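Some notes on the structure that comes next.
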Protein chains: 2
Amino acid sequence: MATLDDVARRAGVSTATASRIINGSSKPVSAALRDRVEAAVADLHYVPNAHARQLAGSGRTAVGVVVHDVSDPYFAEITRGLQRVATTDGRLVIICNTYRDPARELDYVELLRAHQVAAMVLAGSGYHDVAFARSLRGKLRAYELSGGRVAVIGRHDRTGDAVVPDNESGGFMAGEHLYALGHRDIGVIAGPRNLTTTTDRLTGLRRAARTHGRPAPKVAYADFDRDSGAAATGDLLSTHPRLTAIAALNDSMAVGALAFLRDVDRRVSVIGFDDMPIARDVTPALTTIRLPLADMGAQAMSLALSPASPDPRVERVPATLVERASTFPPDR
Amino acid sequence: MATLDDVARRAGVSTATASRIINGSSKPVSAALRDRVEAAVADLHYVPNAHARQLAGSGRTAVGVVVHDVSDPYFAEITRGLQRVATTDGRLVIICNTYRDPARELDYVELLRAHQVAAMVLAGSGYHDVAFARSLRGKLRAYELSGGRVAVIGRHDRTGDAVVPDNESGGFMAGEHLYALGHRDIGVIAGPRNLTTTTDRLTGLRRAARTHGRPAPKVAYADFDRDSGAAATGDLLSTHPRLTAIAALNDSMAVGALAFLRDVDRRVSVIGFDDMPIARDVTPALTTIRLPLADMGAQAMSLALSPASPDPRVERVPATLVERASTFPPDR
DNA sequence: ATCATACGGGAAAGCCCTTGCCTCAACCCA
DNA sequence: TGGGTTGAGGCAAGGGCTTTCCCGTATGAT
């Protein structure tokens, strides 16, 4: 691999001059030298070593993102938003998939710190786990102490910049919608219990039940993916055959529920959460609670890239109901 | 940020020793020193600087991936496969989204080279553009000369390791399926003309038409995304009202076509391509040509991580027909 | 008691850049 | 003509780490 030395030698200048020309430094350089250096760069297919540059230079340029899984549409959308603003800012984005493993999450935070990223955005690391939270806080603090910036998406046991979707009222709205349609007994397909996203949405749903004087919803836990959603729907319906509506805590599971209901040919209302792109294309089109995922990602990245502020900034993101065809009054 | 020096000083050893302990070098070190160093690391929240490490050390550790857009399910699946094998190998994956901009693709190749990645996988950079191909080849050659490994997914004007899906016969199978059902006149919703994916699939479709002695399919070009697929369906149907079947060159556009047809309440067969996860959940469930996307990603990464071989290895990936409910005989 | 052999540990040479500081010339004004 | 600017470019000091020697010391063999 050609180095700056090679370029400088070939152009007959010092590495200092070559470096200045290559980086478009403000120091004036004669046109002749500039040409020679540029020719040398082209001839040698020279590309500056990013690591050396990072070591020698001052600014950190990359940013990191930690998500559960980019191939999950939920995180794909968030990531899209994140990337848009990071790229606009000319930054390399390092994406890390934890696959919902808290340990991996911790490792990635270290890894990103090791890579001297300028900022990191944590999406979906709201676990109910005291030891995890403490460890994470420690690592993040160490990182921030060294000048790193952190923004999280979702609720966290941590003070700092954050974009937090209003999951609780989203859950409430979902329940409200179903009860208003006349459902009395509803089931919930929840995500993993240790995620705050799950518990927050569930809390909203329960509040809606209380508000309407209805029995607490029946809950089955699944994994936020389609197939587990389908399976949980089966469980729920066999245990509680009288349910007339199901609230899934994300759209993937709602899609699974829909598939299951179609298979067993039952007519039950289903409401999802997130409004992923495909929600409108399933049949019946999915009623869901929308979260502006791409915007949330963009906001989080903006926070992370802006200078640290003395007091933490928290952007609350409202959820909205999107009515489509998958919810309807109960058959009597 | 604490450095190795800090750790060494605190533990009362040399940086050499500290480094050896931290990296689990094979050199024997007394237990006492090991404990002291480990304590120092913990106290200081020390994390080795990845850049310095890369500079000083020998092995390159990261790998790069260039895709059109991770949030597109097609690439999301491929990426998932890629990551699985890269992570197993303990490597950091840098994902770059070109958003179908060839210039950006070129830039990213440079960037990955600058970051000294051990290998890179290019997915979806098959453009019909001589200048682009030449430039890309040049950059890749320079990279390989410096020891980098490259694997591509899809057809390329380039000899080298590759995983190439059999798009042509996939297209043929799609056509075959429709003609066998009795359709005479079919329309095609194609992707961007400058992508080999588009042209290869189209070629297969045309061959099927010839084989069955049918007129060449009518083509409308779109962008591989849902909405453009829906729009193109409208165009196609207004220009050629007698079409009884539509082949979309990917599932996203097929979903768009389905949506359009539902809106205008027309019954037309639709076949997609790729078999993305949601294909089975739309209504009617989408008949499609499956490509094992995650496996393809995994294969490509395996190729890229394996030592360079004298003659290029090309893994051909067969496409298979998945029959669901969206294709049926024409109404007479 | 002597010599060879491990073994544990340190000194220091890079890895490839950026950048502060310095030098040298040419140039200006007085 | 002399002193002060200014413009162009080079020297060399890091930046944080790995790794190759190299050197004592304790161990074993003779």
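Convention: sequence-line order gives letters A, B, ...; per-chain numbering from 1. These values consider heavy atoms only, across backbone and side chains, with no hydrogens, waters or symmetry-generated copies. It should be emphasised that the depicted structure is a prediction, and the values quoted were computed from it without experimental measurement.
To the nearest angstrom, P of C:dA12 lies 14 Å from CG of B:Asp5. A:Ile21 places its CD1 atom 13 Å from the C1' atom of D:dG10, with the value rounded to the nearest Å. Atom pair B:Arg60:CZ and D:dC17:P shows a separation of 21 Å (rounding to whole Å applied). The CD1-P distance, from B:Ile22 to D:dG16, rounds to 14 Å in whole Å. Between B:Met1 atom CE and D:dG14 atom P the separation is 22 Å, expressed in whole Å. The interatomic distance linking B:Leu4 (CG) with C:dG10 (P) rounds to 12 Å, in whole Å.
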Practice prompt. For B:Arg149 and B:Asp161, run salt bridge (charged side-chain N to carboxylate O under 4.0 Å, His left out): C-alpha distance rounded to whole Å, both residues' side-chain angles, the deciding distance at 0.1 Å, then the answer.
Written response: CA-CA 9 Å; B:Arg149 298 276 296 114; B:Asp161 293 349; 2.8 Å; yes
Practice prompt. Apply the test side chain to side chain donor-acceptor pair (under 3.5 Å) to residues B:Arg80 and A:Asn97: give CA-CA distance (whole Å), side-chain angles for both, the deciding distance (0.1 Å), then the verdict.
Written response: CA-CA 9 Å; B:Arg80 177 211 293 282; A:Asn97 291 144; over 6 Å; no
Which protein N or O atoms sit under 3.5 Å from an N or O of nucleotides 20-27 of chain D?
{"from": "D:dT20", "atom 1": "O4", "to": "B:Arg20", "atom 2": "NH2", "distance (Å)": "2.8"}

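Checked by atom type, the side-chain pair B:Ser26/B:Arg20 shows no donor-acceptor distance below 3.5 Å.
In this model, the phosphate group of C:dT18 is approached by a side-chain N or O of A:Ser19 to a distance below 4.0 Å at OP1 or OP2. Close to C:dC16, at under 4.0 Å from its OP1 or OP2, lies no side-chain N or O of A:Thr3. The side chain of B:Thr17 places an N or O atom within less than 4.0 Å of a non-bridging phosphate oxygen (OP1 or OP2) of C:dG10.
Within residues 140-150 of chain A, no residue places a heavy atom under 4.0 Å from DNA chain D. For DNA chain C, the residues of residues 37-57 of chain A within the heavy-atom distance limit of 4.0 Å (strictly under) are A:Tyr46, A:Pro48, A:Asn49, A:Ala52, A:Arg53, A:Ala56, A:Gly57, sorted by number.
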Please set out all donor-acceptor pairs under 3.5 angstrom arising from side-chain atoms of residues 85-95 of chain B, sequence neighbours excluded.
{"from": "B:Thr87", "atom 1": "OG1", "to": "B:Gln83", "atom 2": "O", "distance (Å)": "2.7"}
{"from": "B:Thr88", "atom 1": "OG1", "to": "B:Arg84", "atom 2": "O", "distance (Å)": "2.6"}
{"from": "B:Asp89", "atom 1": "OD2", "to": "B:Arg91", "atom 2": "NE", "distance (Å)": "2.7"}
{"from": "B:Arg91", "atom 1": "NH1", "to": "B:Arg60", "atom 2": "O", "distance (Å)": "3.2"}
{"from": "B:Arg91", "atom 1": "NH1", "to": "B:Thr61", "atom 2": "O", "distance (Å)": "2.9"}

For a quick test of your reading: what N or O donor-acceptor pairs under 3.5 Å do the side chains of residues 131-145 of chain A make, sequence neighbours left out?
{"from": "A:Arg137", "atom 1": "NH1", "to": "A:Asp157", "atom 2": "O", "distance (Å)": "2.8"}
{"from": "A:Lys139", "atom 1": "NZ", "to": "A:Glu110", "atom 2": "OE2", "distance (Å)": "3.3"}
{"from": "A:Tyr143", "atom 1": "OH", "to": "A:Val117", "atom 2": "O", "distance (Å)": "2.7"}
{"from": "A:Tyr143", "atom 1": "OH", "to": "A:Ala118", "atom 2": "O", "distance (Å)": "3.4"}
{"from": "A:Tyr143", "atom 1": "OH", "to": "A:Ala119", "atom 2": "N", "distance (Å)": "3.2"}
{"from": "A:Glu144", "atom 1": "OE1", "to": "A:Arg158", "atom 2": "NH2", "distance (Å)": "3.1"}
{"from": "A:Glu144", "atom 1": "OE2", "to": "A:Arg158", "atom 2": "NH2", "distance (Å)": "3.0"}

Could you list the donor-acceptor pairs under 3.5 angstrom formed between side-chain atoms of residues 33-46 of chain B and any protein atom two or more places apart in sequence or on another chain?
{"from": "B:Arg36", "atom 1": "NE", "to": "B:Ala11", "atom 2": "O", "distance (Å)": "3.1"}
{"from": "B:Arg36", "atom 1": "NH2", "to": "B:Ala11", "atom 2": "O", "distance (Å)": "2.8"}
{"from": "B:Asp43", "atom 1": "OD2", "to": "B:Arg10", "atom 2": "NH1", "distance (Å)": "2.6"}

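For B:Val66 against B:Tyr108, the heavy-atom pair with the smallest separation is CG2-CB, 4.3 Å. The shortest heavy-atom contact between B:Val163 and B:Pro165 is O-CD, 3.6 Å. The two atoms that bring A:Met301 and A:Val65 nearest to each other are CE-CG2, 4.2 Å, heavy atoms only. In terms of heavy atoms, A:Gly297 sits closest to A:Leu82 at O-CD2, 3.1 Å.
Two residues are said to be in side-chain contact when any heavy atoms from C-beta on lie closer than 4.5 Å; A:Val164 and A:Val317 fail this criterion.
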